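Fair warning: this is a prediction, and the values are worked out from it, not measured in the lab.
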Amino acid sequence: MTGPDGPHRAPGSDGGDFRPAGGGSDLAREEEERAVEQALALVGGTTLRPGRGRDIPGTPGTPGTPRASGASGGDLSSGPSGSPGNDRRGSSGPTGNGPDQSASTDSASTDSAPVGGFPAGNGPSAGGPSGGARATAQASGSDQRPRPGRSSSEAPAPNAEPATPKAPPLSWDRARAVATRAGRTGPPATIRLPLDRALGHVLAEPLGALTDLPSFDTSAMDGWAVAGPGPWAYEAGAGLLAGRGPDTPLPDGTAVRIATGARVPPDTTAVIRSEHAHPDEAKGLLHARRSVVTGQDIRPRGQECRSGEQLVPAGTVVTPAVLGLAAAAGYDALPAVPRPRVDILVLGDELLAAGLPHDGLIRDALGPMLGPWLRALGAEVAGPVRLGDDAGALRDALASSDADLIVTTGGTASGPVDHVHPVLDALGAELLVDGVAVRPGHPMLLARLPAPGQMRGQAEGPPEGPYLVGLPGNPLAAVSGLLTLAEPLLAGVAGRPAQDAYRALVHAEVHGHPHDTRLVPVVHRAGRAGGRDHVAPLRYNGPAMLRGIAAADGLAVVPPGGVRSGTEVEILDLPWAPATPWTEGCFT
């Protein structure tokens, strides 16, 4: 097949070199490179590069500049500081990823595959150098990526430096650290919420006492307030009730009935409980059945706190008990951090929202699971939106979202309908994490979208739009992405303090991946006969399985190579983990 400006490789070709004939002059080399770029515009994919635009097949966009990539098509450049936020990789890297890795190579099978869900050659600007082409060093024999100070059409120098080596995926620890830092890039916003709306939010400021607690001396028991030594004269009557009663001193040698919580009269020596007192009605005298100690059963002013004293620190989750304490301390509203707002976009034409799987279609397990899971992490979550495999719909949804975080499911690899990377590229997103050395879930990603006014073709500036966590489509792999990227990110945005990691013994040998961390569902078990509490791994831990995680109360972080029985491993608790160990054994 020959295009209008040079030879092109047709879909289904053998994927070999396809160089136009030409001499050794600079003009010939320029024409050769242009022809290669135009050919690849018909058959290549698109790759993500922070801050650079590229058309997505089937969607409007601003043309970018063709460039070379590694075998997987990932951008291989890194920032000047080598920061983890700029690490880039393709879908398979030199990390020994196992067979569940979706490898992508620039062979005939990938180059001739439809791009973005459209047949090769049907993308916008396919015949010219402005199309979203992916050129490869294998095809052209040289690095086609434009270098600083040289236009994209200028021929490279004969001794040009080799392409930047492909960056490996981030380690699991490093990826979580990047997500944590991303969530804490700025001070949390502060709103004031009335007490009846503050439950579940995070305190933006320390909660200080607005008054002494208690604010006056009160009776801790129903009984008698007495002054001086007994017996004490008293008068019949209702006595002092909570919230009532004159603020007059109690004369020495007298007693008065008092209810729990009532203000103790000045000069009161002690409160005698009703069961420890004997009123002699005939003589009008009160006798104590036990010795009386000065100050007994009186809650003195300021016993719990003094005005201005810090009650709970900033970052505390507002529980029912915190609400009660705040009310007692005089608060009508609390300074809180707004809950992070999350949009969920479910991708995949093969997903069913109801009924039994059939004819190659499967039920959507992530849509029903992600909303409650994210709410348990303190987020305010909209209902899941099912987009199918539609690049245009995905782009529109991302560009129009006003959420703090967008969570997508599936589409993070490099298959023919995996649109997440090219759509992010077209919107000018910044990739912070592009793949993690963890199983399951290694194709997960974390990106930052630009603010609406900084979308492609508009004003330049640092990205300030929502974050995006791209989860793999397999259910347990998606859970891995939630705990690796979404949970620490949301904790930072919500102003929650980082949770202290803890370790537990694992009873059983747990096989590991040769190079990657594994996250394995576990249950807590109580120690027997004086033995230590421990965790036990669950059998159903494949990337597409939910049976294990449904029975789990945590995930064990298994280092590369695995662990022996009796080894301590880090545990990631689930947000609803029970306080007591599970005892059911049918899942183990």
Side-chain angles (χ1 to χ4, degrees), residues 98-102 172 344 346-348 350-377 384 386 407 409-410 412-413 436 438-444 471-487 504-513 516-526 533-558 562-563 565 569-588:
D100 58 339
Q101 172 82 27
S102 299
W172 181 80
I344 300 173
V346 179
L347 312 181
E350 75 280 12
L351 301 177
L352 295 169
L356 292 174
H358 63 87
D359 301 326
L361 302 177
I362 60 174
R363 280 295 298 271
D364 169 29
L366 296 181
M369 180 176 73
L370 291 181
W373 197 305
L374 291 164
R375 290 186 189 98
L377 294 176
R386 293 177 171 84
V407 175
T409 68
T412 57
V436 180
V438 65
R439 303 302 175 105
H442 56 283
M444 68 181 74
L471 302 177
N474 277 325
L476 190 57
V479 169
S480 174
L482 277 176
L483 295 178
T484 301
L485 299 178
E487 186 272 331
L505 288 177
V506 60
H507 274 208
E509 181 178 356
V510 184
H511 297 290
H513 187 273
D516 297 349
T517 299
R518 281 190 70 204
L519 300 183
V520 179
V522 295
V523 291
H524 289 286
R525 303 289 193 202
D533 293 350
H534 59 276
V535 295
L538 300 175
R539 289 175 51 197
Y540 300 99
N541 53 34
M545 297 180 178
L546 285 176
R547 187 174 174 182
I549 195 68
D553 49 21
L555 282 91
V557 181
V558 180
V563 295
S565 180
V569 293
E570 182 178 349
I571 302 297
L572 298 177
D573 276 336
L574 301 181
W576 53 85
T580 55
W582 285 50
T583 57
E584 290 80 351
C586 61
F587 295 96
T588 60

Engineer: Would you call Val479 and Trp373 a side-chain contact if the rule is heavy atoms closer than 4.5 Å?
Structural biologist: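 Contact flag for Val479/Trp373 side chains = yes.
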Engineer: Return the CG to CG distance between Asn541 and Leu546, rounded to the nearest 0.5 Å.
Structural biologist: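 Between Asn541 CG and Leu546 CG, I get 12.0 Å after rounding to 0.5 Å.
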Engineer: Could you walk me through whether Asp516 and Trp172 satisfy the side-chain contact (heavy atoms from CB on, under 4.5 Å) test, starting with their C-alpha distance in whole Å, then the side-chain angles of each, then the deciding distance to 0.1 Å, before giving a yes or no?
Structural biologist: CA-CA 8 Å; Asp516 297 349; Trp172 181 80; over 6 Å; no
Engineer: Got Pro475 and Met545 here, is their nearest side-chain heavy-atom distance under 4.5 Å?
Structural biologist: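 Heavy-atom side-chain distance check fails, nothing below 4.5 Å.
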Engineer: For Ser480 versus Pro440, what's the shortest heavy-atom pair and its separation?
Structural biologist: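 Of all heavy-atom pairs spanning Ser480 and Pro440, the closest is OG-O, 2.8 Å.
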Engineer: Aromatic rings His507 and His534: how do their planes relate, parallel, tilted or perpendicular, breaks at 30° and 60°?
Structural biologist: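 Aromatic pair His507/His534 classed parallel.
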Engineer: What heavy-atom pair brings Leu352 and Pro357 nearest, and what distance separates the two atoms?
Structural biologist: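 Where Leu352 meets Pro357 most closely, the heavy atoms are CD1-CA, 4.0 Å.
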Engineer: Run the side-chain contact (heavy atoms from CB on, under 4.5 Å) check on Leu471 and Val407 step by step: do they pass?
Structural biologist: CA-CA 7 Å; Leu471 302 177; Val407 175; 3.5 Å; yes
Engineer: Is there a side-chain contact (heavy atoms from CB on, under 4.5 Å) between Ile549 and Leu574? Walk through the geometry before answering.
Structural biologist: CA-CA 9 Å; Ile549 195 68; Leu574 301 181; 4.1 Å; yes
Engineer: Show your reasoning for whether side-chain contact (heavy atoms from CB on, under 4.5 Å) applies to Leu482 and Leu370.
Structural biologist: CA-CA 9 Å; Leu482 277 176; Leu370 291 181; 3.5 Å; yes
Engineer: Would you indicate whether the side-chain heavy atoms of Leu555 and Val520 approach each other to under 4.5 Å?
Structural biologist: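 The answer is no; the side chains never approach within 4.5 Å.
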Engineer: Give me the one residue out of Val506, Val438, Val510 that meets side chain to side chain contact (heavy atoms under 4.5 Å, CB included) with Val558.
Structural biologist: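 Option passing the side chain to side chain contact (heavy atoms under 4.5 Å, CB included) with Val558: Val510.
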Engineer: Please name the pair of heavy atoms, one in Pro384 and one in Val346, separated by the smallest distance, quoted to 0.1 Å.
Structural biologist: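 It is CB-CG2, 4.1 Å.
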Engineer: Roughly how far, to the nearest 0.5 Å, is CG of Leu366 from CG of Leu347?
Structural biologist: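 The CG atom of Leu366 is 10.5 Å from CG of Leu347, to the nearest 0.5 Å.
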Engineer: Quick check: do Leu476 and Asn474 have side-chain heavy atoms less than 4.5 Å from each other?
Structural biologist: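 No, every pair of side-chain atoms sits at 4.5 Å or beyond.
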Engineer: Please tell me if the side chains of Val569 and Val522 come closer than 4.5 Å, counting only heavy atoms from C-beta onward.
Structural biologist: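 No - every pair of side-chain heavy atoms lies 4.5 Å or more apart.
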Engineer: Quick one: pull up CG in Leu572 and CD in Glu487 and give me the separation to the nearest 0.5 Å.
Structural biologist: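 Spacing of CG (Leu572) from CD (Glu487) equals 8.0 Å.
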Engineer: Is there side-chain contact between Asp573 and His524, with heavy atoms separated by less than 4.5 Å?
Structural biologist: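 A side-chain contact under 4.5 Å exists here.
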Engineer: So do Asp364 and Arg386 actually touch side chain to side chain, heavy atoms under 4.5 Å?
Structural biologist: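 Counting from C-beta outward, Arg386 and Asp364 do come under 4.5 Å.
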Engineer: So does Leu356 get a backbone contact from the side chain of Arg363, meaning a donor-acceptor N/O pair under 3.5 Å?
Structural biologist: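 Answer holds: no.
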Engineer: Shortest non-hydrogen contact from Val535 to Ala504?
Structural biologist: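 Smallest interatomic distance, heavy atoms only, reads CG1-CB, 4.1 Å.
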